[in-house]
Trainee: 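I have a structure I would like to understand better, so I am pasting it below and will then ask my questions one at a time.
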Number of protein chains: 2
Amino acid sequence: MKPQRHTSAPAATDSCRGALARVSCRSCALNTLCLPARLPPQEARVLESVVERGRQLCAGASLIRAGTRMDALYVLRSGSAKRYAFTMNGAERVHGFVLPGETVGLEGFASDRYACEVAALEPTSYCRIPLNRLEPLLEQLPGLRREVLRLLGEALDESLRLRAELGMCDARGRVARFLADLSRRLELRGLSPTQFRLSMSRGDIARHLGLTLETVSRALGTFKRSGWVEVRARYITLLRPEALASMGGYAAS
Amino acid sequence: MKPQRHTSAPAATDSCRGALARVSCRSCALNTLCLPARLPPQEARVLESVVERGRQLCAGASLIRAGTRMDALYVLRSGSAKRYAFTMNGAERVHGFVLPGETVGLEGFASDRYACEVAALEPTSYCRIPLNRLEPLLEQLPGLRREVLRLLGEALDESLRLRAELGMCDARGRVARFLADLSRRLELRGLSPTQFRLSMSRGDIARHLGLTLETVSRALGTFKRSGWVEVRARYITLLRPEALASMGGYAAS
DNA sequence: CATGGCTTTTGACCCGTGTCAAGTGCCAGT
DNA sequence: ACTGGCACTTGACACGGGTCAAAAGCCATG
């Protein structure tokens, strides 16, 4: 068993940055969102013992290289990242953006190799769950087994839903939906749902939504002129979130 | 234990239709494609003991109702089906088409409820793997555990790739890709890759590719005029599959 | 064989978005 | 402060594909 070192103040505060000790999910700010949150406490404790803390990544650095052997799952602790891949004609395609508490690397189960590149969009830290430590736990812990299946199912469901809904609305609807979705996810993390910084470029957003960066820019321009948002470079303020939500087809399902 | 009745001739021939006995994956025509194919033989034998044979569905009948509690995985034995769902504005969205040997119901892991409706497009038969029998096996059989993860990963990967590639090519490219993909999957099942019947309507294809049925029809018309395909109602002959494949961005990856 | 209903094809038109190009703003380095 | 580079905005234009409408095929039924 590895030595366990505690920060004297066990405050579960707004950031994990300071802590240099080994992972303690219970004292992590993300404990209500992250993978262990849905596990029975004793299973969470076992899982905790195999989680490794990754070092900080600078903006642009890759957390996962597409095509490399899958050897771990990763969970973001802070910062943000984009998941992307290239089509055979060399065009970059952005599959999505990753926020703290979200798991990446799941598509690797398909072929034992990661299918997406995952790169930090700003200084970003993460946790790592090595597969060779995870697999034995899947045998012993039924809750963890169900949770991994749930995560995969959720990723699949989200991907299907995204394709369906983006395919049905026009450019402005897609951008509206993107903002509404981001807003919701930020709120879940205790951040302001109406005022935030976009860590990704217009081009990244465009390549995610299947548009061009000019069209994204124009959509934002329209929202600005309608008084729905305020845009200053990458800083966004949502003035009429309901308008965006309804335009993006974000009705109460 | 249920009674086991064997057909006297154990021929692994081209169809499972005749057999009325309980499931015997080893003698099934799909045994090289289906879920057990990638399992170690002894695990496959255990899995076989929990698989139930479903009765034949007629065209239009639902195999899975969206929103109902997830209680099983399903594998198609013969026929074909479409997976679809409705967006909140009531528009139908086709997530994909299912061929024999393919597994459906995986998205249910997200929330314990099926997210897609799955309906037969022609007379169709299937196998059923109840979850309450599958779960204990996941604890005991490491190969099965990996295989279920692989299936989910594959579904996820395919969904991502589909979204990426469809988003980047024009209407004709999408239809070409659709035909090339179908052709490949039919060939895997030992059927002709160049001559087949489309069990789905133009509208279904359109709702799957994010187009309108008129555009799908026009794309087929173009291919016909170029001499790439022959179209007679729902019967299709691919005359220049390579042309379609390259247009759909189906290069050797 | 005729009928009616459904699916598919074809045509005409127009809007939205991609494309190309120029212009603006922001930041870092010299 | 100047400069070069990059991200973003804005404008003009063309075209692909959505929309509406009508005609043609296909298949059932009586």
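Naming: A, B, ... by sequence-line order, numbering from 1 per chain.
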Trainee: Given 3.5 Å as the limit, does a donor-acceptor pair link the side chain of R163(A) with the main chain of H95(B), or not?
Mentor: yes
Trainee: Counting only side-chain N and O atoms of S217(B), is one of them less than 4.0 Å from OP1 or OP2 of dT8(C)?
Mentor: no
Trainee: Scan L211(B) against the nucleic acid and name what it touches under 4.0 Å (heavy atoms): base, sugar-phosphate only, or nothing.
Mentor: sugar-phosphate
Trainee: Where does the angle between the aromatic ring planes of F223(B) and W228(B) fall among parallel (under 30°), tilted (30 to 60°) and perpendicular (over 60°)?
Mentor: parallel
Trainee: Starting at CG of L213(A), measure out to CZ of R207(A) and round the result to the nearest 0.5 Å.
Mentor: 8.0 Å
Trainee: Whole-Å distance between dT9(C) P and R225(B) CZ?
Mentor: 11 Å
Trainee: Look at T215(B) and dG18(D) and indicate whether a side-chain polar atom (N or O) is within less than 4.0 Å of OP1 or OP2.
Mentor: yes
Trainee: Pick the nucleotide of DNA chain C nearest each of D170(A) and E214(A); which residue has the one closer to the 5' end?
Mentor: D170(A)
Trainee: Which nucleotide, dG16(D), dT9(D), dT9(C), lies nearest any side-chain atom of V231(A)?
Mentor: dT9(D)
Trainee: Determine yes or no for a side-chain-to-main-chain donor-acceptor pair under 3.5 angstrom, with R174(B) supplying the side chain and C169(B) the backbone.
Mentor: yes
Trainee: Using a 4.0 Å heavy-atom cut-off across all strands, classify R218(B) as base, sugar-phosphate, or nothing.
Mentor: base
Trainee: Figure out the CZ/P separation between R202(A) and dG25(C), and round it to whole Å.
Mentor: 15 Å
Trainee: Without decimals, in angstroms, what is the distance between L220(B) CG and dG17(D) P?
Mentor: 14 Å
Trainee: Report the distance from atom CG of L179(B) to atom CZ of R184(B), rounding to the nearest 0.5 Å.
Mentor: 13.0 Å
Trainee: When the distance from NZ of K224(B) to P of dG25(D) is rounded to whole Å, what number comes out?
Mentor: 11 Å
Trainee: So, OP1 or OP2 of dT8(C): does either fall under 4.0 Å of a side-chain N or O from R234(B)?
Mentor: yes
Trainee: Starting at CZ of R172(A) and ending at P of dT17(C), how long is that distance when rounded to a whole Å?
Mentor: 7 Å
Trainee: Using whole Å, report how far OH of Y235(B) lies from C1' of dT8(C).
Mentor: 16 Å
Trainee: Let me spell it out: for each of G221(B) and A233(A), pick the nucleotide of DNA chain C with the closest heavy atom. Which residue's pick is nearer the 5' end?
Mentor: G221(B)
Trainee: May I have the distance from I236(B) (atom CD1) to dT8(C) (atom P), rounded to whole angstrom?
Mentor: 11 Å
Trainee: dA7(D) P sits how many Å from D204(A) CG, rounded?
Mentor: 10 Å
Trainee: Need one value for G173(B): base, sugar-phosphate or nothing, where a base atom within 4.0 Å counts as base even if backbone is also close, heavy atoms only.
Mentor: nothing
